[in-house]
Amino acid sequence: MTKTNFNAVIDRKGTFCTQWDYIEDRFGQADLLPFTVSDMDVLVAPAIMTALNERMQHQLFGYTRWNHAYYKEAITNWYHERYQTTIESDWLVYSPAVIFSVAKLIEMWSQPGEGVLIQTPAYDAFFKVIEANGRHVVDNRLLYQDGQYTIDFSDLETKLALPTTRVLLLCSPHNPTGRVWTTAELAEVITLCERHHVKIISDEIHMDISRASIAVHPLVQQQRYLQHIAICTSASKTFNTPGLIGSYCVIPSEMERERFLYSLKNKNGLSSTSILGMISTVAGYEEGGDWLDDLNTQITSNLTLIKDFLAAELPAIRFNIPEATYLAWLDVSGLNVTAADLQHALINVGKVAIMPGSTYDPHNDQFIRFNVGCSRAKLLEGLQRLKRAVTFLEKNS
């Protein structure tokens with residue numbers, strides 16, 4: 001089978017690409033090298049392209065059903081083979097996007113004015129979807145020590161015990177820190193949620209991008225509290241196909257599945273899936289395992305490159321290779337500059353766009369999030385631009 005060259009330099013400009021064509025929207029300038037939005041500058045798996053091209057030849061793209069064995073068995077087999085986890089096909093429901101699913105479940109499982117607990121730093125869409133739905137954010141801050149993040153279980157229980165806390169919105173693996181929660185940590189999370197009657201929505205979209213030595217554990221692998229858990233995920237992050245649209249939820253409770261589907265179809269008018277999104281999911285899960293292994297090797301190599309570069313050239317920036325994701329969470333507190341000054345230098349001196357940490361943690365702006373899902377050449381250029389910006393700050397401090 002043809003191997004993908006993950007170091008190929010792909011020109012994405014002029015394709016309506018969020019990361020490249022609309023960078024000015026967030027950073028104020030259009031001529032920046034971006035390491036921002038969490039999609040990748042890599043070609044999709046050949047198996048997916050073959051499947052899409054074959055379907056395109058049909059030349060007719062009508063309303064499309066998702067509730068059938070072709071779609072569901074690809075997902076259940078993926079969980080069984082990749083994670084040794086049993087997912088019943090009846091547990092699966094389609095959704096156009098993970099955050100859309102999160103919004104629906106928050107709407108189902110809480111009332112306006114009630115609390116949804118997240119663990120910060122957190123994916124910025126979590127804050128938005130909670131607040132826009134009239135709920136309030138309950139913050140269980142992760143503990144940060146010696147470059148590692150852990151769950152503050154004492155604070156977690158205190159916050160879960162609040163009478164208004166209805167939902168825990170878990171991120172597993174965690175964005176932006178890259179932590180993979182252990183079975184013991186997940187078991188304790190479930191125990192506390194069960195004790196305080198709090199439902200769990202688990203965003204697991206980053207589950208497939210992990211280091212070879214790390215075992216990722218889907219929440220339902222615990223086989224506990226299943227009637228009060230929903231996993232929201234997608235193959236789009238794994239196979240770099242978010243533009244094709246499509247995600248799914250794992251909802252073991254029949255009653256909650258029916259409520260979800262009723263809201264999806266009747267309230268929101270969504271009953272048809274994206275045919276290309278569905279086909280790419282199936283092709284990826286059925287034939288993309290080797291491609292994913294190669295991708296993970298590339299991502300790990302890129303993360304190692306960052307670590308080595310920083311140690312040699314910018315030792316004030318601390319970085320530990322994350323257990324999962326293609327996101328490098330860099331601790332820039334050792335630079336002793338303000339976040340505003342750092343961003344100004346990155347944009348105006350380095351001509352590079354790297355996400356500020358305050359996007360994910362409003363109370364701590366001493367980090368930046370660097371997307372490494374790209375070629376080695378792009379990454380090296382980005383690191384040189386980062387160095388240029390930091391050197392400027394050091395000379396002008």
For this session: Check step by step if side chain to side chain donor-acceptor pair (under 3.5 Å) holds for S247 and S234.
Result: CA-CA 4 Å; S247 74; S234 172; 5.5 Å; no

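- Considering SG of C249 and CD of E256, their distance stands at 12.0 Å, rounded to 0.5 Å.
- C374 pairs with exactly one of I299, V42, D41 by the side-chain contact (heavy atoms from CB on, under 4.5 Å) rule, that one being D41.
- Using a cutoff of 4.0 Å between basic side-chain nitrogens and carboxylate oxygens, R166 and E114 are scored as salt-bridged.
- Minimum heavy-atom separation, V180 to A215: CG1-O, 3.5 Å.
- A search for ring-ring contact (aromatic ring centres under 6.0 Å, His included) contacts involving Y248 returns nothing, not counting sequence neighbours.
- By the rule that hydrophobic residues join a cluster once side-chain heavy atoms approach within less than 4.5 Å of another member, W181 and L143 end up as members of separate clusters.
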With a cut-off of 3.5 Å and sequence neighbours excluded, list every side-chain donor-acceptor pair involving residues 361-370.
| from | atom 1 | to | atom 2 | distance (Å) |
| --- | --- | --- | --- | --- |
| D361 | OD1 | R141 | NH1 | 3.0 |
| D361 | OD1 | H363 | N | 3.1 |
| D361 | OD2 | R141 | NH2 | 2.9 |
| N364 | OD1 | Q366 | N | 3.1 |
| R369 | NE | Y360 | OH | 3.2 |
| R369 | NH1 | N175 | OD1 | 3.2 |
| R369 | NH2 | T36 | O | 3.1 |
| R369 | NH2 | Y360 | OH | 3.4 |

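- Annotation: R12, atom CZ; neighbour count of heavy atoms from other residues, nucleotides and ligands within 6.0 Å is above 12.
- In this structure, T64 contributes its side chain and G62 its backbone to a donor-acceptor pair below 3.5 Å.
- Counting only heavy atoms from C-beta outward, the side chains of H206 and T233 never approach each other to under 4.5 Å.
- The backbone N or O of A97 sits less than 3.5 Å from a side-chain atom of S95, completing a donor-acceptor pair.
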Could you list the donor-acceptor pairs under 3.5 angstrom formed between side-chain atoms of residues 340-351 and any protein atom two or more places apart in sequence or on another chain?
| from | atom 1 | to | atom 2 | distance (Å) |
| --- | --- | --- | --- | --- |
| D341 | OD2 | T338 | OG1 | 3.2 |
| Q343 | NE2 | I354 | O | 3.1 |
| H344 | NE2 | N348 | ND2 | 3.3 |
| N348 | OD1 | Q29 | NE2 | 2.8 |
| N348 | ND2 | H344 | O | 2.9 |
| K351 | NZ | Q29 | OE1 | 2.5 |
| K351 | NZ | D31 | OD1 | 3.2 |
| K351 | NZ | D31 | OD2 | 3.2 |

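- A 6.0 Å sphere centred on CZ of R26 holds no more than 12 heavy atoms belonging to other residues, nucleotides or ligands.
- Within a 6.0 Å sphere centred on CD of E254, heavy atoms belonging to other residues, nucleotides or ligands number 12 at most.
- A donor-acceptor pair is defined here as one N or O able to donate and one able to accept, closer than 3.5 Å; such a pair exists between the side chain of T325 and the backbone of L327.
- A perpendicular orientation is assigned to the rings of H68 and Y71, their planes being inclined by more than 60° (bins at 30° and 60°).
- Residues T304 and I321 come closest through the heavy atom pair OG1-CD1, 3.6 Å.
- Residues E194 and T191 have side chains that never bring a donor and an acceptor to within less than 3.5 angstrom of each other.
- Under a hydrophobic-cluster definition in which Ile, Leu, Val, Met, Phe, Trp and Tyr are linked whenever side-chain heavy atoms come within less than 4.5 Å, directly or via other members, L43 and L52 are assigned to different clusters.
- Applying the ring-ring contact (aromatic ring centres under 6.0 Å, His included) test to residues at least two apart or on different chains, the pairs with a partner in residues 4-32 are F6-W291.
- The environment of CG in D290 is sparse: at most 12 heavy-atom neighbours from other residues, nucleotides or ligands sit within 6.0 Å.
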For residues 125-134, which side-chain donor-acceptor pairs fall under 3.5 Å, sequence neighbours excluded?
| from | atom 1 | to | atom 2 | distance (Å) |
| --- | --- | --- | --- | --- |
| N133 | ND2 | V129 | O | 2.7 |

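- V37 and I245 are assigned to two separate hydrophobic clusters, defined by single-linkage of ILVMFWY side chains at heavy-atom distances under 4.5 Å.
- Formation of a donor-acceptor pair under 3.5 Å by the R135 side chain with backbone atoms of S110 is found in this model.
- For residues 253-285, the ring-ring contact (aromatic ring centres under 6.0 Å, His included) pairs, not counting sequence neighbours, are W78-Y285.
- Under a 4.0 Å N-O distance rule, the pair K387/E313 qualifies as a salt bridge.
- Put simply, the side chain of T297 gets close to the backbone of D293: a donor and an acceptor are under 3.5 Å apart.
- Side chains of D331 and Y144: a donor on one and an acceptor on the other come within 3.5 Å.
- A donor-acceptor pair under 3.5 Å is formed between the side chain of R259 and the backbone N or O of M108.
- Heavy atoms only, all atoms of each residue included: N296 and S210 are closest at OD1-N, 3.2 Å.
- No donor-acceptor pair closer than 3.5 Å links the side chain of H228 to the backbone N or O of H197.
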